[in-house]
Amino acid sequence: MTVKDQDIMNLLKWFEDALSRASRIDRKEKMKMRKKIRDELFLLLTWEKPTADAIMNRWEERLDKVFKAFPFGAKEDLFNLMKKVMATPKG
């Protein structure tokens with residue numbers, strides 16, 4: 001099971017929505033965060049059998065500033081979305 005382009009686009013949209021709700025970050029910092037997010041998301045395309053747990057563990061290390069800026073509960077929402085994406089059969 002691999003992550004598809006459509007999954008990446010949906011996750012990118014989720015991150016963008018969450019970043020737009022994070023009001024205490026300046027524009028320049030948001031641009032840096034977007035680049036890190038994009039890099040991490042497109043790296044998922046190279047993973048052979050990703051799991052929601054493995055992905056979230058990596059992101060908690062690499063995107064800690066991003067998660068700190070998000071509204072309360074956003075990380076749990078993302079984890080639930082990742083579990084749904086990983087459970088969807090790919091064809």
Worksheet item: Looking at CG of Asp5 and CG of Leu41, how far apart are the two atoms once the value is rounded to the nearest 0.5 Å?
Response: 11.5 Å
Item to complete: Would you indicate whether the side-chain heavy atoms of Met86 and Thr51 approach each other to under 4.5 Å?
Response: no
Worksheet item: Side chains of Trp14 and Asp77: does their closest heavy-atom pair fall under 4.5 Å?
Response: yes
Practice prompt. Measure the spacing between CZ of Arg34 and CZ of Arg27 and express it to the nearest 0.5 Å.
Written response: 9.0 Å
Discussion item. Testing the basics here: between Phe67 and Trp59, what is the closest heavy-atom pair and its distance to 0.1 Å?
Written reply: CE1-O, 3.5 Å
Worksheet item: Once you round to the nearest 0.5 Å, how far does CD of Glu16 lie from CZ of Arg38?
Response: 9.0 Å
Worksheet item: Heavy-atom distance under 4.5 Å between the side chains of Ile37 and Leu11, does that happen here?
Response: no
Item to complete: Please confirm whether the backbone N or O of Lys4 pairs with a side-chain atom of Asp7, one donor and one acceptor, at under 3.5 Å?
Response: yes
Item to complete: Could you tell me which residues satisfy salt bridge (Lys or Arg N to Asp or Glu O under 4.0 Å) with Asp39, sequence neighbours excluded, listed by chain and number?
Response: Lys35
Fill in: Over 12 foreign heavy atoms within 6.0 Å of NZ, Lys30
yes
Worksheet entry | Nearest-0.5 Å distance, CZ of residue Phe79 to CD of residue Glu60 | 9.0 Å
Fill in: From Met31 atom CE to Leu19 atom CG, the distance as rounded to the nearest 0.5 Å
12.5 Å
Worksheet entry | Inter-residue atom distance Lys75.NZ - Leu63.CG, 0.5 Å rounding | 10.5 Å
Worksheet item: Is the shortest side-chain N to carboxylate O distance from Arg21 to Asp17 below 4.0 Å?
Response: no
Worksheet item: Distance only, no hydrogens: is a donor on one side chain within 3.5 Å (strictly under) of an acceptor on the other, for Asn10 and Gln6?
Response: yes
Worksheet item: Heavy atoms, side chains only, cut-off 4.5 Å: are Leu44 and Glu40 in contact?
Response: no
Worksheet item: Minimum heavy-atom separation for Pro71 to Ala18, with atom names?
Response: CD-O, 4.2 Å
